[in-house]
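Notes to accompany the following structure.
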Amino acid sequence: MSALTRFLGDSPLRVVLKLLVVSFLVGLVMNAFGWSPMDVFYGIRKFFIDLWNLGFHAIDRFLGYILLGAAIVVPAFILLRIANYRK
């Protein structure tokens, strides 16, 4: 078994034939849906951009909740510490 056959998992001619059949079927389905390769690329790109933006939006909301809660908790903590310090 040659290194190329071992790498491809089958003989090169059979791999090329399989790739041609699968490429034809994928091209047929993409044409039926009206997709182009660039549509797929832009869809993947948009997915990662939305994921990136959502991540930072989630962090922003999380920090906002912390600051909102801290506006009540920190003064209450200080008042309780002052009240317990006298005892």
Side-chain angles (χ1 to χ4, degrees):
M1 194 187 234
S2 72
L4 181 63
T5 304
R6 202 169 39 243
F7 174 73
L8 294 176
D10 207 350
S11 68
L13 184 60
R14 286 185 64 157
V15 170
V16 168
L17 193 61
K18 289 177 187 178
L19 288 174
L20 283 173
V21 170
V22 171
S23 295
F24 174 74
L25 293 174
V26 169
L28 193 65
V29 169
M30 287 180 67
N31 188 41
F33 285 110
W35 296 340
S36 72
M38 291 308 291
D39 291 336
V40 174
F41 172 74
Y42 289 138
I44 292 170
R45 182 176 168 262
K46 183 180 179 319
F47 170 76
F48 283 109
I49 288 172
D50 288 346
L51 189 64
W52 178 270
N53 291 336
L54 179 65
F56 282 112
H57 182 67
I59 291 170
D60 181 48
R61 287 181 56 195
F62 179 73
L63 291 176
Y65 291 150
I66 289 176
L67 291 175
L68 187 62
I72 301 297
V73 171
V74 172
F77 172 77
I78 292 172
L79 288 175
L80 288 172
R81 294 301 291 172
I82 291 171
N84 287 334
Y85 182 71
R86 292 184 188 171
K87 293 182 181 179

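For clarity, every value in this text was computed on a predicted model and none was experimentally measured. Just the heavy atoms: all of them, side chains too, but no hydrogens, waters or symmetry mates, feed the values below.
Y65 forms part of no hydrophobic cluster, judged by ILVMFWY side-chain heavy-atom separations under 4.5 Å.
With sequence neighbours excluded, no residue forms a ring pair (Phe, Tyr, Trp, His ring centres under 6.0 Å) with F7. By the side-chain contact (heavy atoms from CB on, under 4.5 Å) test, V74 pairs with A70, I78, sequence neighbours left out. Under the rule for a side-chain contact (heavy atoms from CB on, under 4.5 Å), I72 has no partner lying at least two apart in sequence or in another chain.
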Going by atom type alone, with no hydrogens or angles, which donor-acceptor pairs under 3.5 Å involve a side-chain atom of residues 40-56 and a protein atom two or more places apart or on another chain?
{"residue": "K46", "atom": "NZ", "partner": "D50", "partner atom": "OD2", "Å": "2.7"}
{"residue": "N53", "atom": "ND2", "partner": "I49", "partner atom": "O", "Å": "3.3"}

Listed pairs under 3.5 Å, donor-acceptor, residues 10-28 side chains, sequence neighbours left out:
{"residue": "D10", "atom": "OD2", "partner": "R14", "partner atom": "NE", "Å": "3.2"}
{"residue": "D10", "atom": "OD2", "partner": "K18", "partner atom": "NZ", "Å": "3.2"}
{"residue": "S11", "atom": "OG", "partner": "R14", "partner atom": "N", "Å": "3.4"}
{"residue": "S23", "atom": "OG", "partner": "L19", "partner atom": "O", "Å": "2.7"}

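With rounding to the nearest 0.5 angstrom, the CG atom of L4 is 4.5 Å from the CG atom of L8.
No donor-acceptor pair under 3.5 Å is formed between the side chain of D60 and the backbone N or O of H57.
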